[in-house]
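Okay, so here's the structure we're looking at.
Given the structure is predicted, the values throughout are model-derived calculations rather than measurements.
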Amino acid sequence: DQTSGGSASAMEHFMSTGWRIMSATVATSTSTLGDCNYPTASNGLALYQFNGYVDDTCTSAYNGAAVNAAYANGKTGFGKAFDFSSTTFQNISAPSWEPATDSFITFPAALSMANNFTFSFWIKVTTTPTQYATIISFFQGYINYLIFDPSMKFYLSDGNYARPGITTGITTGSWFHVAWTKSSSTGNAVYVNAGTPIHTDSDLRDATSASGLNSIGMHASNASTNNWCCGLDGGCFIDQLRVYNTALTSSQVEQLYLET
């Protein structure tokens with residue numbers, strides 16, 4: 001009858017309209033995890049998602065090379081992470097080639113920058129380091145590095161001056177977002193889970209020259225003699241490493257912390 005026909009038409013209209021609304025909602029929730037230029041206009045240089053490989057998502061020019069690659073579950077929703085848990089510490093005063101089980105990654109020389117850069121990544125530590133442990137070591141051309149100590153504090157340096165004992169608030173068993181920016185006009189800033197930087201300084205000196213390797217999870221201060229040191233010993237995982245050739249703002253760092 002007319003009533004039932006009208007109801008059917010209304011239902012068909014609702015289902016059609018509802019479907020379009022739902023489709024539009026899904027379309028606007030696209031993940032940014034594989035977007036090389038996220039946040040917008042941020043000069044993204046390289047992106048390493050570690051989903052079973054260490055290639056750069058953005059361009060093959062910056063592909064990494066893994067030694068004893070191992071992967072584990074990454075941050076929720078991010079896929080895999082690089083697993084450094086088999087790595088052991090080495091004392092640089094008694095250098096030797098890295099143990100056969102150690103895992104680390106090296107990167108091309110073109111990623112080494114003196115100033116105006118950002119490193120953004122997620123890190124999870126399951127056991128505290130037993131010694132000073134290298135997170136980022138860019139020693140090919142310039143010296144810029146970031147390391148952990150046994151109290152979970154950061155040390156960072158440009159080869160001229162080290163900023164020691166930066167309290168991070170990082171604890172074992174959880175994922176934390178870290179961003180390290182260096183600007184030729186404002187100096188260094190280190191963020192953990194966005195918000196206010198946990199460390200800033202106005203030291204503007206360019207990093208000193210060096211002939212080592214660019215690496216994550218191990219420190220090579222001399223490429224010709226394989227002088228390796230300070231591996232990420234214990235249980236450590238790194239995910240979604242982004243490299244920029246500019247110092248991101250605090251609001252851009254927050255966007256990276258919130259991305260899905």
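With F117 as the partner, the side-chain contact (heavy atoms from CB on, under 4.5 Å) test is satisfied by one option alone out of L111, N144, N43, V243: N144. The ring-ring contact (aromatic ring centres under 6.0 Å, His included) test with Y145 is passed by exactly one of F119, F139, F138: F139.
Looking at T106 and N214, their side chains never come closer than 4.5 Å, going by heavy atoms from C-beta outward. In this structure, the side chains of L256 and Y38 come closer than 4.5 Å at one or more pairs of heavy atoms. Contact check for T171 versus F176: side-chain heavy atoms found under the 4.5 Å cut-off. Side-chain atoms of L156 and I166, non-hydrogen and from C-beta on, do get closer than 4.5 Å to each other. No side-chain heavy atom of C236 sits less than 4.5 Å from a side-chain heavy atom of T126.
Remark: I238 CD1 to K124 NZ distance equals 13.0 Å, nearest 0.5 Å. Rounding to the nearest 0.5 Å gives a distance of 13.5 Å between CZ of F78 and CG of N73. Rounded to the nearest 0.5 angstrom, Q240 CD and S120 OG are separated by 7.5 Å. Atom CD1 of I216 and atom OG of S137 lie 8.5 Å apart (nearest 0.5 Å). Taking OG of S215 as the start and CD1 of I135 as the end, the distance is 12.0 Å to the nearest 0.5 Å.
Seen from the ring of Y71, K80 does not count as a face-on cation partner, given the 6.0 Å and 45° thresholds. Under the 6.0 Å distance and 45° angle rule, K75 does not count as a cation-pi partner of W175.
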Item to check | Candidate pair N115 and D206, rule side-chain hydrogen bond (donor to acceptor under 3.5 Å, both in side chains), full reasoning | outcome: CA-CA 6 Å; N115 261 318; D206 283 349; 2.5 Å; yes

Item to check | side-chain hydrogen bond (donor to acceptor under 3.5 Å, both in side chains) between T246 and N116, intermediate numbers included | outcome: CA-CA 5 Å; T246 188; N116 300 312; over 6 Å; no

Next on the checklist: Under the criterion side-chain contact (heavy atoms from CB on, under 4.5 Å), I'd like the reasoning laid out for D35 against T30: C-alpha separation, chi angles, the key distance, then a yes or no.
Outcome noted: CA-CA 10 Å; D35 185 347; T30 304; over 6 Å; no

Checklist entry - Under the side-chain contact (heavy atoms from CB on, under 4.5 Å) criterion, do F121 and I136 qualify, and how do the steps go? => result CA-CA 10 Å; F121 58 92; I136 295 171; 3.7 Å; yes

Next on the checklist: Determine whether L204 and S185 satisfy the following criterion, side-chain contact (heavy atoms from CB on, under 4.5 Å), listing intermediate values before the conclusion.
Outcome noted: CA-CA 7 Å; L204 304 179; S185 60; 6.0 Å; no

Show every donor-acceptor pair shorter than 3.5 Å between a side-chain atom in residues 146-155 and any protein atom, with sequence neighbours excluded, or say none if there are none.
unit_1: D149; atom_1: OD1; unit_2: S151; atom_2: N; d: 2.9
unit_1: D149; atom_1: OD1; unit_2: S151; atom_2: OG; d: 2.8
unit_1: D149; atom_1: OD1; unit_2: M152; atom_2: N; d: 3.2
unit_1: D149; atom_1: OD1; unit_2: K153; atom_2: N; d: 2.9
unit_1: D149; atom_1: OD2; unit_2: S151; atom_2: OG; d: 3.2

Report all side-chain donor-acceptor pairs from residues 191-200 shorter than 3.5 Å, counting only partners two or more places apart or in another chain.
unit_1: N193; atom_1: OD1; unit_2: H177; atom_2: N; d: 2.9
unit_1: H199; atom_1: NE2; unit_2: D201; atom_2: OD2; d: 3.2

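Without hydrogens or angle criteria, T172 side chain to T127 main chain gives no donor-acceptor distance under 3.5 Å.
Ionic pairing of D158 and K182 is present here: one or more N-O contacts between side-chain nitrogen and carboxylate oxygen are shorter than 4.0 angstrom. The residues R163 and D203 are annotated as salt-bridged, a charged nitrogen and a carboxylate oxygen being separated by less than 4.0 angstrom.
Aromatic ring pairs are classed by plane angle as parallel below 30°, tilted from 30° to 60° and perpendicular above 60°; the pair F84 and F82 is tilted.
Linking ILVMFWY side-chain heavy atoms closer than 4.5 Å, directly or via other members, places Y244 and L241 in two distinct hydrophobic clusters. L213 and Y142 end up in different hydrophobic clusters when Ile, Leu, Val, Met, Phe, Trp and Tyr side chains are linked at under 4.5 Å.
Closest approach of L45 and D56 over heavy atoms only: O-OD2, 3.9 Å. L248 and T118 get closest at one heavy-atom pair: N-OG1, 2.9 Å. For the residue pair L47 and L33, the shortest heavy atom distance occurs at CD2-O, 3.3 Å. Closest heavy-atom contact between A110 and Y62: CB-CE2, 3.5 Å. The minimum heavy-atom distance linking I105 with F50 is given by the pair CD1-CE2, 3.6 Å. Pairing each heavy atom of A179 with each of V253, the nearest pair is CB-CG1, 3.8 Å.
Two rings, from F107 and Y48, have their centers less than 6.0 Å apart. For F237 and W122, the ring centers sit 6.0 Å or farther from each other.
Judged by distance alone, the side chains of T57 and Q49 do bring a donor and an acceptor atom under 3.5 Å apart.
Partners of E259 under the salt bridge (charged side-chain N to carboxylate O under 4.0 Å, His left out) rule, at least two apart in sequence or in another chain, are R242.
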